[in-house]
Asks: 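Okay, handing you the structure first.
In what follows, chains are A, B, ... by sequence order, proteins preceding strands, each numbered from 1. Given the structure is predicted, the values throughout are model-derived calculations rather than measurements.
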Amino acid sequence: MKANYLDELNEQQREAVIHINGPLMIVAGAGSGKTKVLTTRIAHLMRNGVDAFNILSLTFTNKAAREMKERVEKILGGSEARNLYIGTFHSVFARLLRAEAHRLGYPNDFTIYDTDDAKSVIKTIINELNLDDKHYKPNFVYNRISAAKNSLMGPEEYQLDNLVQQEDMRANRPLIGKIYDMYAKRTFKNGAMDFDDLLFKMYILLKTFPEVLHKYQHKFKYIMIDEYQDTNPAQYEIIKLLGAVNENICVVGDDAQSIYSFRGATIENILQFEKDYDDVKVVKLEQNYRSTKSILNVANEVIAHNKGQIEKNLWTDNTEGDTIKLVRTMTDNEEGKFVADTISEQKLRNHYDNRDFVILYRTNAQSRSFEESLRRKAIPYRIFGGLSFYQRKEIKDYVAYLRITMNTRDEESLKRIINYPVRGIGKTTIEKTIVLSNEHNITMWEVLERAREFGFKGGTVEAIEAFVIMIKSFQAMLTSHNAYDVAVAVGKSTNIVKELFNDKTTEGLARYENVQELLNSIKEFTETPDEEGELLDKSMGSYLQQITLLTDADQGNDENSDVVKLMTIHAAKGLEFPVVFTVGLEETLFPSGMSINTREELEEERRLFYVAITRAKARLWLTYANSRYRFGNLVQNEPSRFLEEMPEKFIDRSYAGGGSVRNAFGGGSTSGWSNSNNMFDRKKAPSQPSQPVTQKPAAKPTFSPATTHVPSADFAPDDPAGMEPGMQVEHQKFGFGIIAAMEGAPNNRIATINFPKGGGEKKIMLNYAKLRIVR
DNA sequence: CCGTCAGAAGTTTTT
DNA sequence: CTTCTGACGG
């Protein structure tokens with residue numbers, strides 16, 4: 001260990017690091033060396049006799065956890081750091097739950113449902129309840145349930161809580177509580193937890209089993225929480241429970257960077273920390289080492305528009321640096337072009353590499369114009385925050401096999417692969433299986449295991465049995481083989497790999513490569529030693545647990561690749577870049593139109609803007625477009641109100657069409673401001689009285705275009721077996737026709753029929769087409 | 001059972 | 001404009 005590690009700190013940083021026992025709150029302004037303090041403090045604890053096994057450090061992102069681990073290792077210079085518990089809330093709790101879940105009635109190898117899995121379950125339930133999923137949107141319902149769990153509210157409480165019920169009534173969705181209840185039961189039956197359950201169930205576990213609580217209270221004698229301003233009530237309560245005995249809780253945060261209230265984070269947690277414990281030591285890190293004076297001054301002045309903050313004065317010794325450039329373009333495409341041009345220019349003028357640039361936007365959808373312009377100029381880039389690798393269909397399919405092998409209760413996975421690749425277990429069979437499983441209160445898997453007993457017959461029962469035997473063969477391998485071998489066996493037995501290999505289309509090729517990459521990742525997982533040391537869990541279950549908690553930002557950690565990065569501001573939190581472009585600074589976009597209704601929402605948007613500004617080390621461009629395409633139509637937007645909140649002194653507005661923001665406001669177009677509403681209004685124009693739609697509307701009358709045939713009143717399809725060439729038949733759409741020829745196997749005959757009014761000669765598969773025999 | 005096509009919906013932010 | 005969904009033809 002480096003002896004002089006304390007010398008590298010400033011006074012406040014050192015004060016935080018050497019505080020060992022008792023609650024500690026570090027208010028860490030942007031760029032004030034927060035991670036350095038955290039990592040040095042861990043090293044310092046260990047140097048002062050604290051066992052690595054007794055230290056728990058929680059972060060929000062895998063990336064932050066990884067970075068922290070690496071930096072601690074660097075200071076300690078050895079493998080001691082391996083015994084630390086450093087990870088995200090979700091991954092650490094998932095790991096603990098893997099040891100304890102049986103107490104709650106879950107299998108220890110429970111499946112973790114990602115957002116898509118969860119929404120899919122919710123959708124199934126909505127349909128089962130005969131509710132209209134246009135009204136009960138799975139997304140909306142999911143968010144309600146998520147919010148409930150994040151406030152530690154179970155289904156019963158949800159249905160009994162007056163306030164919540166009133167909200168649902170007002171939103172005209174009174175049955176969300178019912179859906180929540182069914183969802184909780186269903187996921188439990190599936191032996192699955194969603195992201196929120198990892199927190200919620202952890203809390204339940206600690207609350208219900210004192211001996212478990214006791215165990216972890218004594219294990220985690222020192223607890224550190226990064227980004228404390230983003231904790232939600234569930235996380236808050238868990239920390240409180242775990243830390244209750246030793247009260248060695250160290251939280252680090254910056255209320256000015258709280259940007260996750262939409263996900264249940266309450267800024268109150270950090271504002272109230274001093275009141276939660278006696279004798280809280282508070283340290284403020286106010287010296288910024290990251291940004292120029294210009295950048296920092298702008299940031300400070302912007303955030304000063306928020307009220308109710310922890311008082312602090314962020315300052316820097318750095319040079320004043322360049323002014324902040326404010327840029328107006330006419331359209332979003334020009335905005336993209338401007339950014340790409342400027343990147344080229346800056347690379348030449350100031351010798352930057354691609355990796356020095358980041359483009360930050362409010363919503364993922366904004367990336368398009370920048371992608372195009374960067375591609376046109378052949379500037380390499382990478383977008384963060386698209387589909388995670390593990391959300392791709394082919395990967396989810398493959399992983400579903402692994403999941404079902406680990407946890408046969410997982411019906412989401414079972415339904416996904418029971419007939420993929422096609423093995424003759426069709427819709428009817430699946431429906432029947434579901435009905436039987438409900439009837440007998442057993443899992444679908446158990447029904448399949450006893451298929452013959454339940455009266456499945458013929459080819460179906462054979463297909464089912466083959467499927468069951470195959471999955472069981474994978475399970476048998478689990479004890480004797482590692483995760484990689486099992487995964488390879490899955491690929492072979494199911495023929496998935498071969499099938500993808502034979503698909504020579506571009507997409508097929510990509511899919512094949514993705515599956516290969518999946519296998520590689522499993523191989524890598526089984527072969528690299530566990531960084532966290534203590535628990536050398538190389539099992540399939542451990543692997544599956546990890547990958548579900550990975551996001552797009554966690555892949556391709558080729559930090560060194562020289563590319564321009566594109567991401568949302570949320571995704572950029574905790575990062576820094578020499579040159580930052582913050583784009584799309586327009587009303588309704590940033591601040592988002594969805595977040596301008598209350599002061600709280602607007603303040604969070606402002607904090608987001610603050611985060612964006614403070615990512616920049618040396619140079620900052622702020623851009624906005626007069627008009628941009630949204631949902632395919634051109635929309636005009638005012639410049640963001642935030643642009644008016646910046647101090648003139650540090651801003652160069654010469655790019656903003658020569659005028660000030662104010663000029664841009666009124667001066668531009670007098671007519672131009674009839675905007676965005678109309679795009680919503682237009683659609684609803686022939687205003688239907690908005691009646692509450694809770695039940696599925698009766699089957700819609702099907703309108704046929706005037707050109708098509710109107711079937712006879714008594715139209716009813718006949719058995720195709722009796723159809724022969726020469727017969728006259730009626731088709732629902734093509735009208736009357738004569739069968740000209742017949743081909744194909746007896747059980748799959750294809751007729752060539754001439755429809756004089758229906759577009760001439762057609763080939764029709766008799767098994768599927770509905771035809772009436774006329775004569 | 002699967003692929004195609006038209007129509008509709010979507011854009012806040014994520015572990 | 002793009003992506004997803006459902007209906008329907010083959």
Asks: Find the distance A:Asn139:CG to C:dC4:C1' and express it as a whole number of Å.
Replies: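 Taking atom C1' of C:dC4 as the reference, CG of A:Asn139 is at 13 Å.
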Asks: Salt bridge or not between A:Glu335 and A:Arg628? Use side-chain N to carboxylate O under 4.0 Å.
Replies: yes
Asks: Please confirm whether the shortest side-chain N or O distance from A:Thr115 to OP1 or OP2 of B:dT14 is below 4.0 Å.
Replies: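 Answer is no, no contact under 4.0 Å.
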Asks: Using the P atom in both, what is the distance from B:dT13 to C:dC4, to the nearest Å?
Replies: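 Each nucleotide's P atom is 14 Å from the other's.
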Asks: For C:dG6 and B:dT11, measure between their C1' atoms and round to the nearest Å.
Replies: 23 Å
Asks: Let me know, please, whether A:Leu608 or A:Lys427 comes out on the 5' side of the other along DNA chain B by nearest nucleotide.
Replies: A:Lys427
Asks: Considering every strand and a 4.0 Å limit on heavy-atom distances, what is the contact class for A:Phe195: base, sugar-phosphate, or nothing?
Replies: base
Asks: Atom CD of A:Gln366 to atom P of B:dG10: distance rounded to whole Å?
Replies: 19 Å
Asks: Please name the residue in the list A:Thr548, A:Asp116, A:Thr115 that meets the side chain to side chain donor-acceptor pair (under 3.5 Å) test with A:Gln391.
Replies: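 Per the side chain to side chain donor-acceptor pair (under 3.5 Å) rule, the option paired with A:Gln391 is A:Asp116, out of A:Thr548, A:Asp116, A:Thr115.
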Asks: Would you classify A:Tyr260 as touching base, sugar-phosphate or nothing, given that sugar-phosphate means primed atoms plus P, OP1 and OP2, and contacts are heavy atoms under 4.0 Å?
Replies: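 Touches sugar-phosphate only.
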Asks: Strictly below 4.0 Å, N to O, side chains only: are A:Asp114 and A:Lys396 in salt-bridge contact?
Replies: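 Looking at A:Asp114 and A:Lys396, the cut-off is met.
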Asks: Using a strict cut-off of less than 4.0 Å between a Lys/Arg side-chain nitrogen and an Asp/Glu carboxylate oxygen, indicate whether A:Asp332 and A:Arg630 qualify as a salt bridge.
Replies: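 No.
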Asks: NA contact type, A:Gly593, heavy-atom cut-off 4.0 Å: base, sugar-phosphate, or nothing?
Replies: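 Result for A:Gly593 = nothing.
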Asks: Where the side chain of A:Lys123 is concerned, which of B:dT15, B:dT12, C:dT5 is the nearest nucleotide?
Replies: C:dT5
Asks: Nearest to the side chain of A:Lys134 - B:dC1, B:dA9, B:dT12?
Replies: B:dA9
Asks: Take the protein atom CD of A:Gln391 and the nucleotide atom P of B:dT15, then report the distance between them rounded to whole Å.
Replies: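 Answer to the nearest Å: 10 Å.
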Asks: Go through B:dT15, B:dT12, B:dT13 for me and flag the one nearest to the A:His570 side chain.
Replies: B:dT13
Asks: Considering every strand and a 4.0 Å limit on heavy-atom distances, what is the contact class for A:Lys137: base, sugar-phosphate, or nothing?
Replies: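 Sugar-phosphate, backbone atoms only, no base.
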Asks: When all nucleic acid strands are considered with a 4.0 Å heavy-atom cut-off, which category describes A:Asn419: base, sugar-phosphate, or nothing?
Replies: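 Sugar-phosphate contact only.
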Asks: Return the value, rounded to whole Å, for the distance between atom CZ of A:Phe590 and atom P of B:dT12.
Replies: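 In whole Å, B:dT12 P lies 15 Å from A:Phe590 CZ.
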Asks: Do A:Asp397 and A:Arg416 have side chains that get closer than 4.5 Å, going by heavy atoms?
Replies: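 When only atoms from C-beta onward are counted, A:Arg416 and A:Asp397 do touch, with a gap below 4.5 Å.
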Asks: What's A:Asp114 touching, base or sugar-phosphate or nothing? Going by heavy atoms closer than 4.0 Å.
Replies: nothing
Asks: In whole angstrom, give the distance that lies between atom CG of A:Asp116 and atom C1' of B:dT15.
Replies: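 These atoms are roughly 14 Å apart.
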Asks: It should be established whether A:Asn633 places a side-chain nitrogen or oxygen under 4.0 Å from OP1 or OP2 of nucleotide C:dC1.
Replies: no
Asks: Rounding to a whole Å, what distance do you find between A:Tyr420:OH and B:dG3:P?
Replies: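 Going from A:Tyr420 (OH) to B:dG3 (P), I get 12 Å.
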Asks: For the pair made of CZ in A:Phe140 and P in B:dG10, what is the distance, rounded to whole Å?
Replies: 13 Å
Asks: Send over the distance from A:Asn143 CG to B:dT11 C1', rounded to a whole Å.
Replies: 13 Å
Asks: Can a donor-acceptor pair be found between the side chains of A:Asn333 and A:Arg368 at a distance below 3.5 Å?
Replies: yes
Asks: Is A:Phe631 stacked on the base of C:dC1, meaning ring centres closer than 5.5 Å and planes within 30 degrees of each other?
Replies: no
Asks: On DNA chain B, compare the nucleotides closest to A:Thr363 and A:Val422; which residue's is nearer the 5' end?
Replies: A:Val422
